[in-house]
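First comes the structure, then the notes that go with it.
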Amino acid sequence: MKLSVERLTATPTPFAYEEGTSWWCARMPAERGLPRELPEPFRVEGRAYQNGEDVVLEGCLEGSLELECARCLARYRHRLREPFRLVLEPAGMRVPAEPEASAALVRDGLCLSDEFELGWYRGSEIQLDSVCLEVISLALPVKPLCRDDCAGLCPRCGADRNEAACACVEAAPESPFAVLAALRSESTGGSR
Ligand SMILES: [Zn+2]
Ligand SMILES: [Zn+2]
């Protein structure tokens with residue numbers, strides 16, 4: 001999706017586009033270890049406007065990826081819904097210090113700084129691909145979970161504790177408090 005900078009005014013212009021599996025495979029490096037198929041295209045909706053010399057982009061990216069749960073190892077659909085806001089300054093004659101950013105400025109008419117919310121643009125058109133990829137990269141969880149309270153696999157027998165409790169529940173007490181509690185129940189005649 002390309003945005004014509006020349007046509008932007010102080011009044012926000014809406015934009016919307018979708019990017020599917022072929023785009024994903026072409027742009028997301030395989031070494032990131034992410035799935036190569038998208039269950040649905042990523043959808044980006046937003047608005048763009050000029051603020052003085054700056055270009056402001058704000059919107060939201062939605063989509064999903066099949067990830068592997070870090071606890072139970074099941075594959076699940078991880079939903080992304082990420083609002084974003086970027087302020088791009090005209091690059092002018094400046095050259096980004098990083099070669100990657102410098103190449104992006106030539107290729108996309110846009111480069112992002114480390115803080116993501118700030119960047120530079122150059123020329124009359126900006127390509128929003130890299131924004132989309134960056135939003136996805138930042139949104140991906142370090143430790144994906146199929147759900148917040150995933151019980152995970154039993155470290156002893158490997159059973160999926162989301163499905164059924166295994167026979168390993170009588171594990172040795174782990175904390176000193178549990179040891180104390182066990183002693184107390186013995187001293188009060190709890191043991192047979
Ligand atoms: Zn899980
Ligand atoms: Zn077990």
Side-chain angles (χ1 to χ4, degrees), residues 1-5 8 12-49 55-88 98 100-101 103-105 107-121 125-155 157-166:
M1 159 89 193
K2 278 186 177 168
L3 208 64
S4 165
V5 176
L8 295 180
T13 307
F15 62 87
Y17 63 101
E18 289 192 351
E19 301 284 10
T21 294
S22 57
W23 169 83
W24 175 251
C25 287
R27 294 301 306 270
M28 181 55 87
E31 58 268 24
R32 295 285 304 270
L34 294 166
R36 304 311 285 161
E37 287 275 317
L38 296 181
E40 58 184 325
F42 283 109
R43 294 173 305 284
V44 181
E45 265 187 38
R47 29 199 220 131
Y49 57 92
V55 169
V56 182
L57 302 173
E58 51 191 30
C60 187
L61 174 139
E62 282 188 75
S64 55
L65 278 172
E66 301 274 346
L67 298 182
E68 186 178 87
C69 175
R71 283 192 200 145
C72 72
L73 308 182
R75 295 193 78 78
Y76 72 101
R77 189 179 279 207
H78 187 90
R79 298 211 165 272
L80 298 177
R81 192 174 188 286
E82 295 299 311
F84 61 87
R85 186 174 192 276
L86 290 178
V87 178
L88 305 174
E98 287 179 27
E100 216 174 285
L105 193 56
R107 187 186 62 229
D108 302 332
L110 154 80
C111 70
L112 299 171
S113 71
D114 291 345
E115 293 94 44
F116 176 71
E117 291 86 4
L118 297 172
W120 293 349
Y121 74 90
E125 273 190 333
I126 50 180
Q127 168 63 259
L128 296 180
D129 271 48
S130 48
V131 172
C132 190
L133 282 171
E134 195 66 16
V135 172
I136 296 166
S137 292
L138 291 172
L140 288 174
V142 178
K143 193 180 167 191
L145 292 179
C146 64
R147 53 180 213 237
D148 286 343
D149 62 348
C150 171
L153 302 180
C154 171
C157 72
D160 185 347
R161 292 187 293 200
N162 293 312
E163 283 168 12
C166 61

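Side chains included, hydrogens not; waters and symmetry mates left out as well; all remaining heavy atoms used.
Going from atom OG of S137 over to atom CG of L34 covers 8.0 Å, rounded to the nearest 0.5 Å. The SG atom of C132 sits 10.0 Å away from atom CD of Q127, with the distance rounded to the nearest 0.5 Å. Atom CD of E19 and atom CG of L38 lie 10.0 Å apart (nearest 0.5 Å). Taking CG of L112 as the start and OH of Y121 as the end, the distance is 14.5 Å to the nearest 0.5 Å. Distance check, rounded to the nearest 0.5 Å: CD of E163 to CG of L153 gives 9.5 Å. Rounded to the nearest 0.5 Å, atoms CG (L80) and CG (L67) are 8.0 Å apart.
Every side-chain contact (heavy atoms from CB on, under 4.5 Å) that C25 has, sequence neighbours left out, goes to T21, R36. The salt bridge (Lys or Arg N to Asp or Glu O under 4.0 Å) check on E18 picks up nothing, with sequence neighbours excluded. Residues passing the side-chain contact (heavy atoms from CB on, under 4.5 Å) test with P155 are R161, sequence neighbours excluded. Taking R107 as the reference, nothing meets the side chain to side chain donor-acceptor pair (under 3.5 Å) condition, with sequence neighbours excluded. With sequence neighbours left out, the side chain to side chain donor-acceptor pair (under 3.5 Å) criterion links D160 to N162. Applying the ring-ring contact (aromatic ring centres under 6.0 Å, His included) criterion to W24, with sequence neighbours excluded, gives F42. Considering only residues two or more places apart in sequence or on other chains, D108 meets the salt bridge (Lys or Arg N to Asp or Glu O under 4.0 Å) condition with none of them. Every residue meeting the side-chain contact (heavy atoms from CB on, under 4.5 Å) condition with A159, not counting sequence neighbours, appears here in chain and number order: C157, C166.
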V131 vs L110, side-chain contact (heavy atoms from CB on, under 4.5 Å): CA-CA, chis, key distance, verdict:
CA-CA 9 Å; V131 172; L110 154 80; 3.5 Å; yes
List the steps and the verdict of side-chain contact (heavy atoms from CB on, under 4.5 Å) for I126 and L88.
CA-CA 10 Å; I126 50 180; L88 305 174; 3.9 Å; yes
Please evaluate residues S113 and W120 with respect to the criterion side-chain contact (heavy atoms from CB on, under 4.5 Å), reporting the C-alpha separation (whole Å), side-chain torsions for both, the decisive distance (0.1 Å), and the verdict.
CA-CA 8 Å; S113 71; W120 293 349; over 6 Å; no
Report the C-alpha separation of E117 and V87 in whole Å, then their side-chain angles, then the decisive distance to 0.1 Å, and conclude whether the side-chain contact (heavy atoms from CB on, under 4.5 Å) test is met.
CA-CA 6 Å; E117 291 86 4; V87 178; over 6 Å; no
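Residue pairs meeting the salt bridge (Lys or Arg N to Asp or Glu O under 4.0 Å) criterion with at least one member in residues 127-143, sequence neighbours excluded, are R27-D129.
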Contacts under 3.5 angstrom, residues 56-64 side chains, donor-acceptor by atom type, not counting sequence neighbours:
| from | atom 1 | to | atom 2 | distance (Å) |
| --- | --- | --- | --- | --- |
| E58 | OE1 | R85 | NE | 3.1 |
| E58 | OE2 | R47 | NE | 3.2 |
| E58 | OE2 | R47 | NH2 | 2.6 |
| S64 | OG | E40 | OE2 | 2.5 |

Which donor-acceptor pairs under 3.5 Å do side chains of residues 70-78 form with protein atoms, sequence neighbours excluded?
| from | atom 1 | to | atom 2 | distance (Å) |
| --- | --- | --- | --- | --- |
| R71 | NH1 | D148 | O | 3.3 |
| R71 | NH1 | C150 | O | 2.9 |
| R75 | NH2 | E66 | O | 3.2 |
| Y76 | OH | H78 | ND1 | 3.0 |
| Y76 | OH | L145 | N | 3.1 |
| Y76 | OH | L145 | O | 3.2 |

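Looking at L8 and V55, their side chains come closer than 4.5 Å, going by heavy atoms from C-beta outward. For the pair L128 and F15, the minimum side-chain heavy-atom distance is below 4.5 Å.
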